[in-house]
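Following: one structure in structure tokens, then a few remarks.
Indexing begins at 1, ligand by ligand and atom by atom, following the structure's order. Because only heavy atoms are used, hydrogens play no part in the values below, and waters and symmetry mates are left out as well, while side chains stay in.
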Amino acid sequence: MSKEDLLDPDKIQANLKTKRIGKKVLVYKSTSSTNDIATEYAKNKNNDGLVIFAEEQNAGRGRAGTKWHSHYADSILCSIILNNCKINSELLSLTVAVAVADALGKVGKCEAKIKWPNDIIVNGKKVAGILLETRQTSNHTVCVIGIGINCHQKKSSFPAELQSTATSIDIEGGATCDRISLTKRLLSSLDEWLEVAQNNENKVTDQWRRRSTLSGHRVTLLYNGKRFTGNCVGIDPKKGLILQLDQGSVRMFDAAHTTIAK
Ligand code: BTN
């Protein structure tokens with residue numbers, strides 16, 4: 001990794017034309033989890049839109065209690081603070097996925113798909129993940145959007161059990177990606193799509209459906225620890241994944257309590 005590739009607040013903010021996201025940016029060399037740091041900063045109401053980056057996390061976490069692995073300066077690891085977010089959590093989850101996929105397509109030159117609710121998939125493998133956490137502080141509700149994008153990893157960088165399912169932009173793009181450009185595009189994309197979600201929910205869900213890997217496919221999932229199998233017949237932006245179960249009934253599964261088994 002060259003020094004030029006290290007994340008730098010001035011480089012990230014140069015010519016950044018966002019309205020809300022990334023007006024303030026902090027870059028940590030190393031931290032526990034950017035979501036934890038963001039949660040601390042979120043206690044101050046003035047930190048809406050603040051983005052915390054880290055080159056390394058020693059306690060990075062993913063959805064459903066998993067660990068999020070990364071090595072120094074090989075990823076984009078960040079958390080964004082949204083105060084009193086007016087977008088419901090299911091739609092927010094889809095919106096962030098669309099924003100990340102869009103940014104990867106524009107700068108990472110990858111055709112990014114979305115595996116519900118918000119895994120970002122390139123050529124069938126996971127390249128990025130999103131962890132949304134909502135907290136009530138003493139005087140406002142805060143949503144922290146955690147995003148991890150694999151950039152410079154080689155296959156051997158991933159733990160053995162992830163090597164067949166995880167990938168990076170460099171692997172898929174066949175070249176070393178520019179993390180600063182990708183970071184700038186990510187912040188702009190989030191800024192744009194979060195605004196769209198407030199005014200035109202359908203535009204987000206249309207875009208999400210276009211990129212979805214599950215629609216029309218057989219899905220097995222775990223909901224509150226119980227297994228369900230059926231055909232994915234759609235997504236409801238407020239309620240979650242819609243499955244036509246093998247037993248015959250149609251049922252919805254919200255993202256907070258569901259993990260896709262296959
Ligand atoms: C997942 O797919 O399971 C979600 C992964 C989210 C990882 C990011 S990295 C930055 C932020 N800090 C964390 O501890 N997790 C998120």
Checklist entry - Would Glu40 and Arg135 count as a salt bridge (charged side-chain N to carboxylate O under 4.0 Å, His left out) if you check the C-alpha gap in whole Å, the side-chain angles of each, and the deciding distance to 0.1 Å? => result CA-CA 11 Å; Glu40 276 305 304; Arg135 301 256 193 282; over 6 Å; no
Checklist entry - For Asn224 and His257, what are the C-alpha separation, side-chain angles and deciding distance, and is it a side chain to side chain donor-acceptor pair (under 3.5 Å)? => result CA-CA 6 Å; Asn224 282 338; His257 301 96; 4.7 Å; no
Checklist entry - For Glu161, what residues pass the salt bridge (charged side-chain N to carboxylate O under 4.0 Å, His left out) criterion, not counting sequence neighbours? => result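 Glu161 satisfies salt bridge (charged side-chain N to carboxylate O under 4.0 Å, His left out) with no residue once adjacent residues are dropped.
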Checklist entry - How would you list, by chain and number, every residue that makes a salt bridge (charged side-chain N to carboxylate O under 4.0 Å, His left out) with Glu90, sequence neighbours excluded? => result none
Next on the checklist: Which residues pass the side chain to side chain donor-acceptor pair (under 3.5 Å) test with Gln247, not counting sequence neighbours?
Outcome noted: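 So Gln247 forms no side chain to side chain donor-acceptor pair (under 3.5 Å) with any residue.
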Item to check | Residue pair Glu195 / Arg20, side-chain heavy-atom distance below 4.5 Å | outcome: no
Ligand 1 N/O to protein N/O, distances under 3.5 Å:
unit_1: ligand 1; atom_1: 2 (O); unit_2: Lys126; atom_2: NZ; d: 2.6
unit_1: ligand 1; atom_1: 3 (O); unit_2: Arg63; atom_2: N; d: 2.7
unit_1: ligand 1; atom_1: 12 (N); unit_2: Thr34; atom_2: OG1; d: 3.1
unit_1: ligand 1; atom_1: 12 (N); unit_2: Gln57; atom_2: OE1; d: 2.9
unit_1: ligand 1; atom_1: 14 (O); unit_2: Ser33; atom_2: OG; d: 2.7
unit_1: ligand 1; atom_1: 14 (O); unit_2: Arg61; atom_2: N; d: 2.8
unit_1: ligand 1; atom_1: 15 (N); unit_2: Arg61; atom_2: O; d: 2.7

